[in-house]
**Student:** 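Got a structure for you, questions after.
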Number of protein chains: 2
Amino acid sequence: MTTMQDVATRAGVSAKTVSRVFNDDPHVTEDTRERVQAAMRELKYVPNMLARTFREGRSAVIGIAVPDVADPFFAAVTKGIELAAREHDMAIVVTSLGDNPALEKSIIETTVRRQIDGLIIAPIAADQSYLARWQDSFPIVFIDRIPTKLHADYFVEDDFGGAFEATQHLIAHGHRRIAIVGDSTEVPTTKLRLEGYRAALEAAGLENDDDLIALGSRDGDAAAHVCRTLLALPDAPTAIFSSNARFSTGVFPALQALNRTDIALISFGDFPMADVLQPSVSVIDQNPRHVGRVAAERILARIAAPTKRFRRKNVIPVKLIERQSCQSSVPHLPLAASQ
Amino acid sequence: MTTMQDVATRAGVSAKTVSRVFNDDPHVTEDTRERVQAAMRELKYVPNMLARTFREGRSAVIGIAVPDVADPFFAAVTKGIELAAREHDMAIVVTSLGDNPALEKSIIETTVRRQIDGLIIAPIAADQSYLARWQDSFPIVFIDRIPTKLHADYFVEDDFGGAFEATQHLIAHGHRRIAIVGDSTEVPTTKLRLEGYRAALEAAGLENDDDLIALGSRDGDAAAHVCRTLLALPDAPTAIFSSNARFSTGVFPALQALNRTDIALISFGDFPMADVLQPSVSVIDQNPRHVGRVAAERILARIAAPTKRFRRKNVIPVKLIERQSCQSSVPHLPLAASQ
DNA sequence: AAAACTTATGTCATCGATGACATGACTTGC
DNA sequence: GCAAGTCATGTCATCGATGACATAAGTTTT
């Protein structure tokens with residue numbers, strides 16, 4: 001590793017002068033500048049970022065903590081963050097939190113020690129109060145899920161609105177018995193989506209049947225199982241609202257295996273190939289890349305202007321992408337309540 | 001930010017003693033240790049990793065550079081690397097190279113300045129000689145594609161073998177006119193897959209029709225277009241070998257749109273939902289997570305034993321996953337050549 | 001021509017943790 | 001009772017880059 005001192009010796013100047021040349025300081029004669037540059041080239045000098053960032057106390061790194069980097073949703077979020085970060089010469093350190101909430105805190109703390117300049121987190125635990133002590137060291141932005149027991153910036157999708165729209169869409173296609181599948185209502189996101197679902201049913205004057213609320217799945221396979229149970233009910237649903245793309249990729253094959261593609265399906269969250277499945281699956285699109293970008297931009301803005309005030313709560317609108325999966329031939333029954 | 005000096009002052013000792021307590025040095029009295037630990041707790045001391053790693057000249061970071069973090073294949077590779085790295089308290093810094101080969105070098109150089117301890121790269125450019133100068137600073141491991149103009153460790157899938165097997169599989173299902181779709185043969189991976197394809201045709205005594213070699217696509221959409229062109233040929237293929245999952249996700253919908261799911265399809269590289277499409281798509285599975293893990297383990301092994309010798313070239317076997325997409329009802333024609 | 005300023009370059013200290021070595025207190029052995 | 005040894009703790013220098021300040025030339029002003 002060539003250091004500035006090595007270059008300085010070679011060029012017959014002091015390390016400080018090399019530093020000046022490197023940083024385009026105008027107070028260097030053309031002659032000296034050229035000698036130093038020649039020395040840098042000969043010795044293939046490359047700055048030691050670690051030294052510089054250490055001195056400045058900042059690492060030019062944004063930490064990202066998501067449940068799973070390999071999940072298409074978070075992979076896309078990561079990409080959005082990366083592109084925005086790169087425009088400011090920032091690198092990203094990525095961590096998967098996994099699915100054990102108990103580990104969240106320690107995983108984050110390992111990341112934090114690296115003097116990151118900002119943290120973007122999609123938490124899995126039910127309490128983020130442990131992050132409070134870091135908040136005056138660097139900005140923290142939550143994505144996908146709102147922070148619990150902590151005040152911090154967040155960018156979440158419109159869970160309530162999206163769920164409402166999805167459910168309404170199913171109702172508009174004539175469905176009256178609509179099930180909701182997903183994980184636990186302890187997940188704030190899921191709770192909101194359930195509320196949106198319920199609100200849409202109520203707005204249409206449909207009754208809320210608890211048998212059709214099939215939450216609590218842990219993964220796609222569990223959702224598939226839940227789905228089979230639902231269809232075996234005496235008064236089975238004609239439509240399923242999957243509250244999360246992760247479960248949709250379990251539910252869809254289950255319907256297919258049962259040869260029940262007549263059951264309508266709508267997914268909160270787009271997923272790969274959803275548009276070419278048969279039937280293609282209608283979804284509420286969350287635009288993960290955009291979520292990543294705005295979260296990164298907020299981090300960067302907060303770094304640039306630490307005292308400026310920003311809107312803390314940010315809800316990103318979602319968009320219904322209509323495909324085929326809700327067009328099953330259900331007779332258009334009159335709604336129970338009048339229009 | 002509390003420093004060791006702060007803790008030291010609080011506990012009435014020197015910074016060095018705090019360092020000793022922190023690093024479990026036995027030469028500290030129980031009494032002092034407790035006082036220091038109390039001070040650490042009160043001041044919420046957290047070590048400054050940047051200072052430590054700067055002093056040691058290592059950053060405890062593995063750099064990862066892939067064409068696109070959001071691509072499911074590389075997202076899975078990344079996850080594999082992350083899990084292996086975490087076991088050694090290493091973090092990962094992820095970078096997308098994009099699709100402009102001219103930018104590869106500069107993107108990598110920005111990453112390298114951060115004094116990474118190792119680099120895992122899936123290159124996109126046709127020349128990696130620029131990496132030579134880094135090789136004695138830290139280990140470099142190539143994945144997915146072999147290095148060009150550089151000697152370095154690599155872990156690649158069995159491109160030739162997988163392509164051979166895929167093509168053979170199509171032949172075994174009665175196909176005689178088999179097209180290959182993919183990107184440019186300038187990509188080493190694609191070149192090898194083309195060779196595997198050709199070898200399989202030859203082994204079966206089938207002639208090689210250049211009209212069926214439809215390489216050069218840039219993305220899924222281009223592949224879809226190529227696919228339509230192929231099917232419009234007077235003597236159209238009955239089967240398509242997609243040399244890359246990225247293109248399969250373009251080809252499949254194209255076949256579907258044309259209502260030509262009778263055309264057999266096999267993909268080099270599994271992709272999300274391939275198993276639930278109709279027909280489900282047979283693939284050559286590359287096990288990206290495993291690729292990531294072994295690459296990371298090699299980096300870690302090289303860091304631990306810099307002088308040890310390792311096998312540089314590593315070919316990871318691939319596995320044919322048979323699904324429905326090759327079972328189209330093509331009459332079993334006799335092979336042109338005798339068995 | 002002396003004072004005042006400008007300009008190129010150098011010296012030193014610093015960021016936080018920690019190795020190398022020093023010091024001083026106390027113990028052990030003969 | 002004193003040399004040698006053990007142990008807790010401290011001091012200093014270091015990693016590489018760079019701000020603050022210093023110096024030594026040359027230039028302008030009066």
Side-chain angles (χ1 to χ4, degrees), chain A residues 1-40 43-61 89 110 112-117 134 137-138, chain B residues 1-40 43-61 89 110 112-117 134 137-138:
Chain A
M1 273 297 145
T2 331
T3 73
M4 278 198 169
Q5 187 52 59
D6 299 335
V7 176
T9 311
R10 173 82 164 222
V13 295
S14 75
K16 181 74 225 202
T17 301
V18 177
S19 165
R20 278 193 263 259
V21 171
F22 195 82
N23 294 289
D24 290 320
D25 186 313
H27 296 287
V28 181
T29 38
E30 202 43 45
D31 175 48
T32 312
R33 182 181 306 279
E34 271 162 29
R35 271 210 332 284
V36 170
Q37 279 168 342
M40 293 204 301
L43 298 175
K44 297 182 193 299
Y45 170 74
V46 173
N48 182 333
M49 253 241 180
L50 227 55
R52 201 200 310 227
T53 61
F54 160 59
R55 185 173 211 285
E56 286 165 4
R58 339 215 95 263
S59 53
V61 162
D89 282 311
T110 331
V112 156
R113 290 187 192 185
R114 300 178 174 270
Q115 315 295 114
I116 51 177
D117 292 348
W134 303 110
S137 307
F138 53 83
Chain B
M1 272 300 140
T2 338
T3 72
M4 277 197 167
Q5 187 53 60
D6 299 336
V7 177
T9 311
R10 172 83 164 220
V13 297
S14 77
K16 181 73 227 203
T17 300
V18 178
S19 166
R20 278 193 262 260
V21 171
F22 195 83
N23 295 291
D24 290 320
D25 186 314
H27 296 286
V28 181
T29 43
E30 201 45 44
D31 175 49
T32 314
R33 183 180 305 278
E34 272 162 26
R35 270 211 331 286
V36 170
Q37 279 167 342
M40 293 205 301
L43 298 175
K44 297 181 192 299
Y45 170 73
V46 173
N48 183 335
M49 253 241 178
L50 226 55
R52 198 198 313 223
T53 61
F54 160 58
R55 186 173 209 286
E56 285 166 7
R58 343 210 93 267
S59 53
V61 161
D89 281 313
T110 336
V112 155
R113 290 188 188 183
R114 298 178 177 271
Q115 314 297 115
I116 51 176
D117 292 347
W134 304 110
S137 308
F138 53 82

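Chain A is the first sequence line, chain B the second, and so forth, proteins listed ahead of strands; every chain is numbered from 1.
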**Student:** How long is the line joining CZ of A:Arg52 and P of C:dG16, in whole Å?
**Tutor:** 18 Å
**Student:** If we only count heavy atoms from C-beta on, is the A:Arg20 to A:Thr32 side-chain gap below 4.5 Å?
**Tutor:** no
**Student:** Can a donor-acceptor pair be found, under 3.5 Å and without considering hydrogens, that links the side chain of A:Arg114 to the backbone of A:Ser59?
**Tutor:** no
**Student:** Is A:Asp6 paired with A:Arg10 through a side-chain N to carboxylate O contact shorter than 4.0 Å?
**Tutor:**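 Looking at A:Asp6 together with A:Arg10, the answer is no, because their closest N to O distance does not fall below 4.0 Å.
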**Student:** Please report the distance, rounded to the nearest Å, between CG in B:Asp25 and C1' in D:dG10.
**Tutor:**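 After rounding, the reported distance stands at 13 Å.
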**Student:** Name the nucleic acid region contacted by A:Arg55, choosing base, sugar-phosphate or nothing; use a 4.0 angstrom heavy-atom cut-off, strictly under.
**Tutor:** base
**Student:** Could you tell me how far apart B:Leu50 (CG) and D:dT14 (C1') are, to the nearest whole angstrom?
**Tutor:** 17 Å
**Student:** Could you state the atom-to-atom distance from CG of A:Asp6 to P of D:dG16 in whole Å?
**Tutor:** 8 Å
**Student:** Below 4.0 angstrom from OP1 or OP2 of D:dA8, is there any side-chain N or O of B:His27?
**Tutor:** yes
**Student:** Would one find a side-chain N or O of A:Thr32 under 4.0 angstrom from OP1 or OP2 of C:dT9?
**Tutor:**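 Answer yes for this pair, as a side-chain N or O of A:Thr32 is under 4.0 Å from OP1 or OP2.
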**Student:** Quickly work out the A:Asp31 CG to D:dG26 C1' distance and round it to whole Å.
**Tutor:**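 Distance, rounded to whole Å: 16 Å.
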**Student:** Whether A:Asn23 contacts D:dT18 is assessed here as follows: a side-chain N or O lying under 4.0 Å from the phosphate OP1 or OP2. Is that the case?
**Tutor:** yes
**Student:** Which ones in residues 13-20 of chain B lie close to DNA chain D, meaning a heavy atom under 4.0 Å from one of its atoms?
**Tutor:** B:Val13, B:Ser14, B:Lys16, B:Thr17, B:Arg20
**Student:** Rounded to whole angstrom units, what separation is found between the CD atom of A:Gln115 and the P atom of C:dA17?
**Tutor:** 8 Å
**Student:** Using atom CD of B:Gln5 as one end and atom P of C:dG16 as the other, report the distance to the nearest whole Å.
**Tutor:** 10 Å
**Student:** If you find the nucleotide of DNA chain D closest to B:Ala51 and the one closest to B:Arg33, which residue's nucleotide is nearer the 5' end?
**Tutor:** B:Arg33
**Student:** Between A:Asn48 and A:Leu50, which heavy-atom pair has the shortest distance, and what is it?
**Tutor:**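 The answer is OD1-N, 2.8 Å.
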**Student:** For the pair made of CZ in A:Arg58 and C1' in C:dG16, what is the distance, rounded to whole Å?
**Tutor:**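 Rounded to whole Å, this separation is 15 Å.
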**Student:** Any donor-acceptor pair under 3.5 Å linking the side chain of A:Thr9 with the backbone of A:Gln5?
**Tutor:**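 Pair found, side chain donor or acceptor close to backbone of A:Gln5.
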**Student:** Counting only side-chain nitrogens and oxygens, does A:Tyr45 get under 4.0 Å of the OP1 or OP2 atom of D:dG16?
**Tutor:**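 A:Tyr45 to D:dG16 OP1/OP2: no side-chain N or O under 4.0 Å.
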**Student:** Closer than 3.5 angstrom, by distance alone: can the side chain of B:Asp25 be matched with the main-chain N or O of B:His27 as a donor-acceptor pair?
**Tutor:**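 At least one qualifying donor-acceptor pair exists.
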**Student:** Please examine the side chains of A:Met40 and A:Phe22, heavy atoms only from C-beta on, and report whether any two atoms are closer than 4.5 Å.
**Tutor:**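 Yes. Closest side-chain heavy atoms under 4.5 Å.
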